[in-house]
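What you are looking at is a predicted structure, and each value in this text was computed from that prediction instead of being measured. Along the sequence shown, residues carry numbers from 1.
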Amino acid sequence: MCDLIDIVYWLSDFISELVIFNSLSSAYERYVAMGDNKFKKGMDFIALKTLFGVASALMYIVWALIFNSGLGILLVVISFFIGSIIPDIYYKLRYYKNNTDIVDDLLRAVIIINNSFRANRGVEQALNDVIERLDGPLKREFVKVKNDLRLGIDLSTAFRRMKNKTQVFFSPQNDHI
């Protein structure tokens, strides 16, 4: 039996062939950047919205047939629209929570790094302290910085990469959804 994620991926591949949705999918890329979901591209979120809309419209149709009420096309469209909004609300709330977690953890990370440097520890020890004491999305970014340093990337480039990744969360251009 197919998994819901597989259906979303299949529908996403199908929808991506339609050019009209490509510009809309870029608005959902910020949810991909959160990193803790199974979606790989913005088009996956459009496919999820479509599935929820179709499921909501089908539930209305079944309800109308069971209770022998009139089946209105306008109500089918409204139920599709309401169903397609549900994923937007869910991911908007998760995005907001993720942003507040990053902002809260950022101050804690700066304090931890400052205390580590005051104790004459090196950069790697300071990063280890931050990774050990933080939880959430910012901890994952510091782990990536530490891994970048192990790969031989210099400190400024590693932190610039972290800034570019976390800047997606704070970008004002993504606030229109």
Side-chain angles (χ1 to χ4, degrees), residues 1-106 131 134-148 151 161-177:
M1 178 165 221
C2 283
D3 187 281
L4 177 65
I5 299 297
D6 293 333
I7 295 171
V8 168
Y9 290 156
W10 176 82
L11 187 60
S12 173
D13 291 339
F14 178 75
I15 291 175
S16 64
E17 298 295 324
L18 305 172
V19 179
I20 59 173
F21 292 113
N22 289 340
S23 62
L24 182 62
S25 71
S26 64
Y28 292 96
E29 291 295 327
R30 65 180 172 171
Y31 299 139
V32 174
M34 286 192 299
D36 56 347
N37 59 40
K38 296 181 180 183
F39 299 134
K40 301 172 187 165
K41 54 188 176 183
M43 194 63 73
D44 295 340
F45 291 96
I46 294 176
L48 182 69
K49 287 172 55 82
T50 304
L51 284 176
F52 267 79
V54 168
S56 177
L58 287 175
M59 284 192 299
Y60 167 73
I61 291 170
V62 168
W63 178 80
L65 293 175
I66 289 174
F67 293 106
N68 204 16
S69 64
L71 185 66
I73 298 298
L74 181 62
L75 291 176
V76 171
V77 171
I78 289 172
S79 64
F80 177 85
F81 180 71
I82 290 172
S84 66
I85 289 177
I86 291 171
D88 279 337
I89 294 169
Y90 173 74
Y91 280 105
K92 186 78 167 182
L93 290 174
R94 279 191 57 211
Y95 183 76
Y96 176 75
K97 183 184 179 323
N98 196 36
N99 282 350
T100 55
D101 289 348
I102 286 177
V103 169
D104 292 343
D105 285 349
L106 190 59
I131 291 169
L134 290 184
D135 288 327
L138 199 57
K139 177 182 179 173
R140 290 189 299 267
E141 293 302 322
F142 275 105
V143 168
K144 291 176 186 175
V145 167
K146 184 178 172 184
N147 291 338
D148 286 348
L151 290 174
R161 289 175 66 179
M162 178 182 157
K163 178 190 141 294
N164 291 338
K165 291 176 200 169
T166 55
Q167 191 172 11
V168 172
F169 299 124
F170 300 111
S171 178
Q173 69 190 16
N174 291 330
D175 287 339
H176 65 277
I177 292 181

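- Rounded to the nearest 0.5 Å, atoms CD1 (Ile82) and CE (Met59) are 10.5 Å apart.
- Note that CD1 of Ile15 is 9.0 Å distant from CH2 of Trp10, once rounded to the nearest 0.5 Å.
- Side-chain contact between Tyr96 and Thr100 is present, with heavy atoms from C-beta onward closer than 4.5 Å.
- Taking all atoms of both residues into account, the shortest heavy-atom contact from Leu11 to Ala47 is CD2-O, 3.5 Å.
- Smallest separation of non-hydrogen atoms from Gly70 and Ala64: O-CB, 4.4 Å.
- Under the salt bridge (charged side-chain N to carboxylate O under 4.0 Å, His left out) criterion, Asp13 pairs with Lys41, not counting sequence neighbours.
- Ser26 places a side-chain N or O within donor-acceptor distance of the main-chain N or O of Ser23, the cut-off being under 3.5 Å.
- Residues passing the ring pair (Phe, Tyr, Trp, His ring centres under 6.0 Å) test with Phe142: none are found, sequence neighbours excluded.
- Looking only at side-chain heavy atoms (C-beta outward), Ile85 and Phe52 stay at 4.5 Å or farther from each other.
- Note that CG of Leu48 is 12.5 Å distant from NZ of Lys38, once rounded to the nearest 0.5 Å.
- The two atoms that bring Asp44 and Ser12 nearest to each other are OD1-OG, 2.7 Å, heavy atoms only.
- Atoms NZ and CG, from Lys146 and Leu151 in turn, are 12.5 Å apart once rounded to the nearest 0.5 Å.
- To the nearest 0.5 Å, the span separating CD on Glu141 from NZ on Lys163 amounts to 13.0 Å.
- Side-chain contact between Met43 and Val32: absent, with no pair of heavy atoms (C-beta onward) separated by less than 4.5 Å.
- The aromatic rings of Tyr60 and Trp63 lie tilted to each other, with the angle between the two planes from 30° to 60°.
- In this structure Lys49 satisfies the salt bridge (charged side-chain N to carboxylate O under 4.0 Å, His left out) test together with Asp88, sequence neighbours excluded.
- What you find for Ser79 and Ser56 is that their closest heavy atoms are O-OG, 2.7 Å.
- Judged by the 6.0 Å and 45° rule, Lys40 forms a cation-pi pair with Tyr9.
- A distance of 13.0 Å separates OH in Tyr95 from OH in Tyr28, rounded to the nearest 0.5 Å.
- Two residues are said to be in side-chain contact when any heavy atoms from C-beta on lie closer than 4.5 Å; Phe39 and Tyr31 fail this criterion.
- Among Leu134, Asp101, Asp105, the single residue meeting the side-chain contact (heavy atoms from CB on, under 4.5 Å) criterion with Lys139 is Leu134.
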